[in-house]
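Sequence lines set the chain letters: A, B, ... in the order given, protein chains first and strands last, and positions in each chain run from 1.
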There are 2 protein chains.
Amino acid sequence: MNIRMNPEEVLKNSGYKLTQQRRAIIEVLRNSGGPYTANEILSLVSDKYSGINFSTIYRNLELLVRLGIVEKLNIADGYCHFKLTGENHHHHIICNKCGEIREIDICPFDELLRNTKLEDLDFEPVEHKFEIYGICSKCKDKK
Amino acid sequence: MNIRMNPEEVLKNSGYKLTQQRRAIIEVLRNSGGPYTANEILSLVSDKYSGINFSTIYRNLELLVRLGIVEKLNIADGYCHFKLTGENHHHHIICNKCGEIREIDICPFDELLRNTKLEDLDFEPVEHKFEIYGICSKCKDKK
DNA sequence: ATATCTGCAAAGTCTTTGCAGCACG
DNA sequence: CGTGCTGCAAAGACTTTGCAGATAT
């Protein structure tokens with residue numbers, strides 16, 4: 001499955017139906033950025049497709065994650081956050097005040113590999129997360 | 001509040017009572033390592049102090065986190081994990097198969113600061129998390 | 001046509017809260 | 001003794017599931 005295919009194509013080629021609800025979810029994620037909680041996605045999608053249910057949101061987000069179309073973030077605020085999988089590898093900075101999540105391009109992992117610091121761990125890395133929590137510029141100015 | 005004080009002292013000096021339940025929770029965390037979920041902590045503590053309730057576990061874990069005695073980890077498995085705050089700053093490697101969480105001393109953050117990569121972000125970092133998910137040696141051998 | 005998907009409602013999990021009685025200091 | 005703590009039970013928040021009817025291909 002080519003990662004360059006758009007979400008709709010991936011769904012169809014995997015044998016899933018392209019329902020109105022799925023279209024709406026994908027469109028919301030595509031146009032509004034994110035990451036959003038399931039709750040926020042329900043609100044946003046409801047504008048486009050009223051009557052959509054929470055179970056549909058959850059079932060489809062899970063499917064989209066499974067297909068690699070959507071990534072699920074476990075931020076330390078107790079909620080799951082979802083966004084379209086981007087082309088680029090990245091990490092996040094999270095504001096402790098307003099909760100805003102921003103992508104950053106800084107990735108410490110490659111450097112660790114280069115420095116061979118990981119070799120001693122006897123551990124086969126699959127993925128990694130790097131998150132910086134703090135105060136964003138907007139909230140700093142407000143204070 | 002000196003970080004070198006033991007948990008019992010911190011509690012007392014902060015005006016909290018040193019109840020049997022709190023002793024048991026702290027002892028379990030101290031002897032069994034961790035990190036453990038609230039559920040696991042309930043089981044472990046129940047061996048020592050039967051009759052203890054979930055609300056007591058949660059209330060006290062929250063208190064201990066607030067006092068800096070315990071740290072709360074948000075691993076991407078949907079549960080909160082708790083362990084005694086160690087002396088040293090560290091991060092975690094998490095096995096996707098068995099869920100084991102191990103501390104590692106590798107910290108990419110200092111290097112980022114040295115490299116001044118963070119300066120452009122217009123963000124005031126407070127804390128950070130670095131987690132590597134993958135397959136631990138035990139699970140690799142099993143496969 | 002038919003296998004999949006949705007909405008609804010109900011249940012499941014983890015966590016929090018209100019309250020009366022207990023226990024630490 | 002008195003405040004704070006616990007156990008109990010109930011509720012809250014988020015997520016999952018079973019099922020009958022609707023929908024995409």
Using whole Å, what does the distance between atom [atom2] of nucleotide [N] and atom [atom1] of [X] come to?
X: B/Leu11; N: D/dT6; atom1: CG; atom2: P; result: 10 Å
X: B/Asp77; N: D/dC14; atom1: CG; atom2: P; result: 19 Å
X: A/Arg66; N: D/dT16; atom1: CZ; atom2: C1'; result: 14 Å
X: B/Ile25; N: D/dG7; atom1: CD1; atom2: C1'; result: 13 Å
X: B/Leu61; N: D/dC5; atom1: CG; atom2: P; result: 15 Å
X: A/Glu62; N: C/dC5; atom1: CD; atom2: P; result: 12 Å
X: B/Leu63; N: D/dC5; atom1: CG; atom2: C1'; result: 11 Å
X: B/Asn60; N: D/dG4; atom1: CG; atom2: P; result: 15 Å

Between the OH atom in A/Tyr36 and the CD1 atom in A/Ile57, the distance rounded to the nearest 0.5 Å is 13.5 Å

To the nearest 0.5 Å, how far apart are OG in B/Ser14 and CD1 in B/Ile69?
7.0 Å

In terms of side-chain heavy atoms, does A/Thr37 have a donor or acceptor partner in A/Asn39 at a distance below 3.5 Å?
no

Tell me, which of residues 38-55 of chain B have any heavy atom that sits under 4.0 Å from an atom in DNA chain C?
B/Ala38, B/Ser55

Please find the pair of heavy atoms, one from B/Lys140 and one from B/Ile135, that lie closest to each other, and give the distance.
N-CG2, 3.8 Å

When every non-hydrogen atom of A/Lys83 is compared with those of A/Leu29, the smallest separation belongs to CA-CD2, 4.3 Å

So B/Arg59, base contact, sugar-phosphate only, or nothing? Heavy-atom distance under 4.0 Å.
base

Is A/Val10 reachable from A/Leu61 through a run of I, L, V, M, F, W or Y residues, each pair having side-chain heavy atoms under 4.5 Å apart?
yes

Would you find more than 12 non-hydrogen atoms of other residues, nucleotides or ligands less than 6.0 Å from A/Tyr133 atom OH?
yes

Neighbour count above 12 (heavy atom, 6.0 Å) for B/Lys12 NZ
no

What is the per-nucleotide protein-contact pattern of nucleotides 20-25 of chain D, from the 5' end, where B denotes a base atom under 4.0 Å from a protein heavy atom, S denotes such proximity for sugar-phosphate atoms only, and - denotes neither?
---BBS

Once you measure the plane-to-plane angle for B/Phe130 and A/Phe130, does it fall in the parallel (<30°), tilted (30-60°) or perpendicular (>60°) bin?
perpendicular

